[in-house]
Each structure stands twice: as structure tokens, then as C-alpha cells.
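No experiment lies behind these values; they were computed from the predicted model shown. Every chain is numbered from 1 and lettered A, B, ... according to where its sequence line falls, protein lines coming before strand lines.
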Amino acid sequence: MYKEKTIPVYVKAIEQENEFIRRFTLASVNEELLPKFSGGAHISTYIEHGELLVRQYSLTSNPDDTKHYQIAVRLSDTSRGGSRYWHEKMKVGDQLQISYPKNHFPLSFKAKHHVFYAAGIGITPFLSMMNELHSRGSSFELYYASKTEEACAFYDFLQEHYPNQYRFYFSNKRERINSSSLEEHPIGTHVYFCGPESFISDLTESAYQLGYPPSAVHTERFTPPQPKDMQPFNVQLKDGTLVEVARDQTLLEALLNKGIKAPYSCRVGRCGTCELQVVEGEIAHYDSFFSEDQKQSQSRILTCVSRSKSAMLVLDV
Amino acid sequence: MKWINNLESFPYPFKGSTYRYSNNSIPMKTPLCVEVTPDYIEEMQLKRTLLNHHAERCYQSLPHTITGQWEIVELVIDHLAAQYPDQFSVEKKGSKWTFNNKILEEKQEFTFGGESTFPEEPLAFISRHVQEDLILMMQRDGDLYLDAGQLCFPANWSLAFNLGMKFKCIHHPIPGFKEEGLDDRILQFLMRLEAGNPWERKNWSLMAGDRLDTSLETFDQWGKLRKQVTKENAGELVHIRVEVQKLFRLPRTNGILFTINTHLLSLENLVSNREWLKQFHDILSELPPHITDYKGISLYKNEVLKYLSEKLESGKVV
């Protein structure tokens with residue numbers, strides 16, 4: 001079974017970025033250098049707290065500085081334990097495991113110009129991307145929406161490092177990112193959206209309507225798009241075992257709880273590791289991994305996000 | 001030239017009694033991108049001669065690969081120094097590195113990441129110290145491209161021809177690769193490869209002769225041996241060629257390092273293991289024409305089968 005290797009690290013520093021966001025500096029327990037990473041990369045963090053809390057955070061530090069990593073964690077209103085632990089329990093000196101850096105949100109190689117649209121904590125992946133473009137001498141802009149100036153993470157950092165490349169939009173000043181700015185980018189521009197689901201889907205739709213090729217539109221969702229109405233369903237395994245998947249549970253979680261060694265890695269429907277064969281039943285795909293053709297073939301499922309339209313799925317496992 | 005006499009270290013590639021193309025990759029137990037075998041000195045001499053005299057066919061790169069090339073230098077040197085401390089060492093003082101190859105008694109000082117540190121590119125430098133061929137695939141705009149490589153021992157393909165090509169274009173000539181959907185699945189597998197979690201696989205073919213450097217460009221020199229195979233000379237002339245291939249994600253550039261370590265074993269050595277003889281006979285007899293054609297075995301497959309059958313019948317272990 002595929003199980004990813006991890007790196008033991010400890011929390012070297014904690015800084016309060018603003019009311020809701022804390023920055024954590026992580027360093028290797030063995031004082032070894034950490035792997036370098038590419039712009040847009042993230043890590044998975046593994047925290048043992050009763051259950052194993054696995055969360056993904058963008059790396060916000062300099063990709064070439066491997067003495068430490070930095071992540072920024074926003075205390076989520078609907079925290080399922082991850083961000084709450086980071087904010088309320090994590091202390092300087094605490095140890096945890098992290099994955100090697102991964103990148104599901106890479107910079108385009110062929111783009112002539114890069115424009116980043118961020119809302120709130122959606123700024124985080126863009127920090128390493130801008131660092132990379134800046135050191136390469138490539139052209140980019142940042143459009144960044146936040147509730148207020150005080151709640152705007154990395155406000156000072158951005159002003160200091162990229163003084164001519166950002167535009168802030170503060171909703172308490174009635175400023176809003178308007179999709180009409182998409183009309184003003186030259187041909188060859190690639191756009192990148194990161195923030196709440198509605199922010200991403202509105203901008204994506206506008207970009208497509210304006211005629212952006214899909215390959216020039218890049219999005220990063222911190223949580224996979226969720227079905228509006230989660231329904232429980234059952235799966236049957238090869239040996240006849242029945243597994244119930246509750247309304248608030250993923251298929252992967254249900255399999256793991258049952259002691260089944262199902263493969264997984266990213267848990268957000270991006271990497272494809274958790275793929276299982278489906279023999280019978282209709283799949284509701286929620287991943288961003290399979291192609292449309294693969295989804296329509298109804299023969300494979302990513303258990304970390306996808307569900308069943310029928311009452312029962314029969315899995316080849 | 002007999003490249004391998006030690007059967008125990010031969011990466012025997014077969015499982016079961018049939019063979020088909022597949023993604024037979026497995027997670028690596030010991031994450032090493034290169035290995036040093038007893039043939040090290042001999043192979044390095046051959047490789048360096050090829051690199052010096054046939055640079056175009058043995059080394060190609062696109063200009064945007066330099067950062068990825070440095071990642072390969074770092075990975076290879078770290079692995080050599082950690083796994084073979086008596087043969088290799090590295091001293092790092094900031095970006096000032098000193099690499100010591102104690103087998104060849106060569107010491108190289110350089111500035112890591114610095115321009116014009118070596119008379120050649122970083123990938124070309126490090127490839128002169130390892131038996132493996134080193135290929136750099138860059139992942140850009142949702143696809144994989146062969147953007148740089150050092151290739152001295154290809155199994156009948158051309159680096160110069162493939163430079164800059166996409167993964168699927170490179171593998172297009174393999175019969176059934178597209179029709180069976182293997183191209184999509186393996187491309188997806190490669191694109192989801194993660195740093196820290198390397199994979200390896202074995203690939204095999206047969207060849208008439210014992211040349212490691214069977215490039216497409218030199219087919220005229222080695223291809224005609226295929227016509228000279230008889231059941232009498234097959235044991236000595238025909239070799240099984242096994243490539244141990246390793247895949248590492250390079251985290252800084254999000255590229256992939258693909259290393260190929262090529263092993264040759266004569267059939268007479270292979271069949272000295274009775275189980276291997278039986279299994280290989282079964283596999284070769286059953287192998288469908290589209291695979292024997294592509295692997296270049298068709299011309300002499302029958303002679304090899306006659307040789308194997310005689311060995312089986314005689315029950316003799318050579």
C-alpha cells in the first residue's frame with residue numbers, strides 16, 4: 001500500500017499575523033535542511049490529537065530557504081479540529097510530522113504574464129509563486145480582497161516586497177474585485193484564483209465567458225467542492241463486507257474506520273492515490289483529478305471526496 | 001565482453017508465465033537514485049568516451065532546465081556520499097561544495113547553483129560519475145516533457161530526436177500503448193509522483209550482441225547481428241537486457257528525474273538458473289508478435305526458443 005513518507009519537524013516560532021491568522025515556523029527535528037519547493041507548493045501536516053488530524057497548508061516562505069518552512073493558518077469558523085488545534089494547542093517546541101512539499105497549483109510555464117486573484121487566506125499559495133516569478137524576473141500582478149486592512153494577511157510584507165504589483169480591495173471600504181478586470185489582461189495572461197468557493201467559481205465563470213482558454217485559468221481550492229446535499233450510502237467489498245458511509249463522512253474515512261487499508265494521500269481529490277475500481281453503482285465524482293471521459297466511464301472512484309448516487313456501490317477491493 | 005557474471009545481483013525482471021506491457025512500478029524500499037556495481041570503472045570509461053566523442057547523441061538539454069539539473073546534482077551526490085561513503089564524499093560550506101570520487105581519484109570543487117562553475121552543464125558533470133543514464137522530465141502546463149538528458153546506453157532510441165517531446169509522443173510507437181489506455185494511466189501516475197516517495201520498475205528486452213550503447217543512431221553497427229543468431233550461438237551471442245528505472249520528483253522545479261541502470265546477461269548465464277530458464281522459455285513462447293516486433297526479437301526469436309528448448313530437454317545446467 002502507498003503511504004507517504006514524512007519529515008519530523010518542530011514549531012520554531014509562532015506569530016500572530018492578525019486576529020484570525022497565525023504564522024508558524026517549522027524546522028527539522030534533526031536540524032537537517034528541508035527539501036526545497038516550487039511556487040504554489042503545500043505540505044500535509046499530521047497531528048496526533050485523539051484522532052489523526054491531517055491538514056494541507058501552502059508554504060508561505062522562500063522556496064530556496066530550506067532551514068525552515070512557514071505556514072499561515074486561519075482559525076476556521078467551521079473548524080473540524082485542524083485549525084482550532086493550531087490556534088489553541090500548538091506551542092513553540094511542539095513536534096509533528098509533515099509531508100514532503102507537493103504542488104497541485106503550479107505556475108504556468110508558457111504564460112507571458114501572471115495575475116493572482118486572492119480572497120482572504122487564499123493569499124497563501126501566491127506568496128511562494130510571486131517569490132519565484134520575482135526571482136526569475138517574470139511579470140505578475142496581485143488582486144487581493146480582504147474584509148479590512150487589519151484582517152489583510154501579509155499586508156506589510158506585500159507592500160514592502162512587491163510595491164508596484166498589488167491592488168488591495170477592502171470590503172469595509174466598499175471595494176470589491178470586479179470580474180471586469182479580467183478584460184484588461186493582455187493575451188497570454190494566465191489567471192490564478194484562490195479563496196472561498198463562490199469567489200473561485202464566479203471568477204472562473206467570468207473568465208470562461210470572456211474566452212480565456214481553460215488552460216490559462218488556474219484554481220486552488222482548500223476544500224474540495226462539496227455536494228450541497230450529502231447523502232449516506234453503502235459500499236460492498238469483494239469479500240462481501242458491507243461498509244456504511246454516513247452523511248458527514250467520506251468514503252475513505254468509512255473504509256479506514258473499518259480497518260481497511262485503503263490507499264490515500266492528499267484527501268482533497270487532487271493526487272489520485274486513493275483511486276479504487278467500481279464494479280457496480282453510479283458514482284458522484286467530486287474530484288479534480290479524473291478527466292471528463294474517465295468520470296463518465298463510471299469505473300473508478302477517488303474515495304477521499306467522491307460519493308455514490310445510487311444507494312450502493314460495489315468496489316473491487 | 002561479459003558485463004555480469006554474478007547472477008545474484010542480476011535484476012531478474014520476470015514474474016508469472018506471461019508478459020505484457022504495464023506500469024509495473026513499485027515504491028522504492030531504499031530511496032537511491034543511483035547504484036555502484038562492480039562494473040563501475042569499466043562502464044565509466046565507456047561512458048566518458050561516448051560523451052567525449054558523440055556529444056550530440058549522448059547529451060541534450062533545453063535552457064530552462066538548469067535549476068532542475070542542479071537538483072539532480074544534489075540528489076545524486078547526496079545519495080552517493082550516504083550510500084558509498086568509502087567511495088564518494090562531499091563537503092559543503094555554504095554553496096562551496098567539494099565532491100570527491102575516490103574510485104576515480106577525482107576531486108571537484110564548485111559553487112552549487114553558480115553559473116559557469118563547470119566547463120559543461122551541471123547534468124553533464126554529474127553524469128560522468130554514475131553508471132546510470134539520467135533523464136530530466138519537466139512538468140509544465142499539465143504535461144510532461146523530456147527537456148534534458150544524458151543517455152549513453154539507450155535501448156534503441158534517440159535522445160536528440162526525443163528532446164522537448166511530450167511523454168505520450170515519446171511512447172507513441174509502442175504497439176497497444178495508446179489503445180490499452182496505458183499512455184493516460186502512466187502519464188497520470190507520473191504527474192502524481194511526489195517528492196520523498198520515489199518509485200522503481202524494471203524493463204527488459206533481448207539483444208543480439210553485448211553492446212551497452214545501442215542507440216538508434218548506431219543501429220547500422222549493431223542491428224545486423226540479429227541476423228546471425230543460431231541455436232548454436234544464441235547462448236553466447238544473445239543477451240537479456242534489463243533496465244532498472246527509478247523515478248524521483250524534484251521538489252524545487254517540480255520536475256522528475258528518471259534514472260536508467262542497464263544490465264546485460266548472456267543467455268547461457270541466464271539459463272544456468274533452472275527456474276529462470278523455465279520461466280523465460282514460457283514467457284518468450286507466449287509473447288505476442290506486437291511485443292516481439294517492438295522489442296526487436298522477431299528475427300531471431302525462433303532460434304532462441306530452440307536453444308532454450310534444448311537446454312530444458314537436456315536438463316543440463318551449464
**Study point:** Ser61(A) OG to Gln70(A) CD distance, which is reported to the nearest 0.5 Å
**Key:**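 Atom-to-atom, Ser61(A):OG and Gln70(A):CD are 6.0 Å apart.
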Review point. Is there a donor-acceptor pair under 3.5 Å between the side chain of Lys246(B) and the backbone N or O of Leu257(B)?
Key: no
Practice item. Would you mind checking which part of Ser215(A) comes under 4.5 Å of any heavy atom in chain B, side chain (CB onward), backbone (N, CA, C, O), both or neither? Key: neither
**Study point:** Region of Arg300(A) in contact with chain B, defined by heavy-atom distances below 4.5 Å
**Key:** side chain
Revision key, fill the gap. For His218(A) and Pro106(A), the nearest pair of non-hydrogen atoms, with its separation, is ND1-O, 4.4 Å
Review point. Would you call the rings of His285(A) and Phe290(A) parallel, tilted or perpendicular, where under 30° means parallel and over 60° means perpendicular?
Key: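 Ring orientation, 0 to 90° scale: perpendicular.
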**Study point:** Atom group of Glu74(B) that falls short of 4.5 Å from chain A, counting heavy atoms
**Key:**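 For Glu74(B), side-chain heavy atoms alone lie under 4.5 Å from chain A.
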